[in-house]
Amino acid sequence: MAEFYVDTTAQGNGEHIVHFATCESLPPKEARLYLGSIASCGSALKKAAEKFKPVNACPRCAAAFHTA
Ligand SMILES: [Zn+2]
């Protein structure tokens, strides 16, 4: 399990980025939404997509995402 956040501010391409709680590029707390403690990256992206569309995994988290 890992804790995930989604950026509430869309990127230039319209995507809302999903991060691990430990990510270096995690947005400030007023600009992120806590998704919860989630078993996998795929589940975290699905949960984020219930609130925001489209969503994508943070590139800095990506390597870790694949093992989560
Ligand atoms: Zn990240």
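When a ligand or atom number is given, it counts from 1 through the structure's own listing order. Note that these values count all heavy atoms, side chains included, but never hydrogens, waters or copies made by symmetry.
Atom CD of Glu24 sits in a sparse spot, with 12 or fewer heavy atoms from other residues, nucleotides or ligands closer than 6.0 Å.
Between Cys23 and Arg60, the closest heavy-atom pair is SG-CB, 4.4 Å. Shortest non-hydrogen contact noted between Ser25 and His19 is O-CE1, 3.6 Å.
Only protein N, O or S atoms were considered, and those under 2.8 Å from the Zn ion (ligand 1) are His19 ND1, Cys23 SG, Cys58 SG, Cys61 SG.
Rounding to the nearest 0.5 Å gives a distance of 12.0 Å between CG of Leu35 and CZ of Phe20.
Without hydrogens or angle criteria, His16 side chain to Val55 main chain gives no donor-acceptor distance under 3.5 Å.
Glu3 is linked by a side chain to side chain donor-acceptor pair (under 3.5 Å) to Tyr34, counting only residues two or more places apart in sequence or in another chain.
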